[in-house]
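Just below is one structure, and these are the notes that go with it.
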Amino acid sequence: MEEVVVKVGGSILTSSRDYMLAAEKIASMVEHGFKPFVVVSAARGVTDNLIRACEGNMESLKAVTQLYTEIASGVGGALRVVGELMGILSRTVEYEGYRCARSVRDYVLSFGEITSKIILAQALESVGVKTLILNAVDLIETNGVYGDARISYEETKLNLSKVAVYAREVEAIPIIEGFIGRGPYGSVVTLGRGGSDYTAIAIASLLNIPEVVLVTDVPGIMSTDTSISPRARTIPVLSYEEAIEASLHGVKRINPKSFEPIALSLGRPRVRITNWDSRGTLVGELE
Ligand code: ASP
Ligand code: MG
């Protein structure tokens, strides 16, 4: 059974239909003999809105709670838990307001990814995929830097290896939120904007999983900006070096730490950047 890390990006998560589509695509991978490890981002716009909420913008908070409540009501069984999560989120932000300390801010941001994970897990269950819901704060150890943490690879590898064995035993598909890690005294830290790609690549590298699929809203890394040239085409393959270079230049807003696990030779997974319907751009060792 071919193992693969599938990271579902926030750009393709805007409605309950999007979550159901993601669940169906993952279910079909399972049917085709793949064993996915699912990493999920917050729905589109949520992280930006939560940042604004931490600056005291209550409209942004409302936008998040409304969006997730609406999405959850279209995904069987998700509404009650999501309602509870949104309650805790609202009370935290209302209590902390614009005084949000850095640690509180990361805690608030984590609701974006955690809620998204609960909804996707529910969507997966509803299409017959048995899931094992994992918590990043328990497993992804970091250096504890709020807002821009770096994963502590050795400790994280130990944690993930145990979980992978357990997931195999119970025959469930592991699902975890990206972007989140464990900070000082078990607090929540975030890995920096676009950090879900970093989580996904780290998991594949540490567990020796041969491929990571970063599912996004474009068919791959484009040769030029589609808004500049209608002749922009998808680049089929890139070397790791080229991809690292591109991430440093902010291409597709890939977090520059994303390729670090590969640069450090912790693993050599192929990284496919794609939408649900194409082959995308494959980043890996060029032959
Ligand atoms: N939701 C986070 C962000 O928007 C992490 C991610 O999407 O990768 O930065
Ligand atoms: Mg995002």
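Atoms within a ligand are numbered from 1 in the order they appear, just like the ligands themselves.
Residue pairs meeting the salt bridge (charged side-chain N to carboxylate O under 4.0 Å, His left out) criterion with at least one partner in residues 147-164, sequence neighbours excluded, are Asp148-Lys257, Arg150-Glu260. Residue pairs meeting the side-chain hydrogen bond (donor to acceptor under 3.5 Å, both in side chains) criterion with at least one partner in residues 86-96, sequence neighbours excluded, are absent.
In this structure, Gly195 is part of the shell of residues with a heavy atom less than 4.0 angstrom from ligand 1. No heavy atom of Gly112 sits closer than 4.0 Å to any atom of ligand 1.
The shortest N or O to N or O distance between Gly194 and ligand 1 is under 3.5 Å. At a 3.5 angstrom cut-off on N or O pairs, Ser196 counts as close to ligand 1. Residue contacts with ligand 1: Glu113 is placed with a nitrogen or oxygen under 3.5 Å of a nitrogen or oxygen of the ligand (distance criterion only).
None of Asn159, Ile151, Leu160 except one satisfies the side-chain contact (heavy atoms from CB on, under 4.5 Å) rule with Glu141; the exception is Asn159.
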| Step by step, would you call Thr131 with Glu125 a side-chain hydrogen bond (donor to acceptor under 3.5 Å, both in side chains)? | CA-CA 7 Å; Thr131 57; Glu125 293 282 344; 2.8 Å; yes

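Defined by atom type and a distance below 3.5 Å, a donor-acceptor pair is missing between the side-chain atoms of Ser258 and Asn255.
For the pair Ala167 and Pro174, the tightest heavy-atom approach, listed with the atom from each and the gap, is CB-CG, 4.0 Å.
Those atoms of ligand 1 that come under 4.0 Å of a heavy atom in Arg193, given as number and element, are 3 (C), 4 (O), 9 (O).
Contacts of Ser41 with ligand 1, taken as heavy-atom pairs under 4.0 Å, involve the side chain alone.
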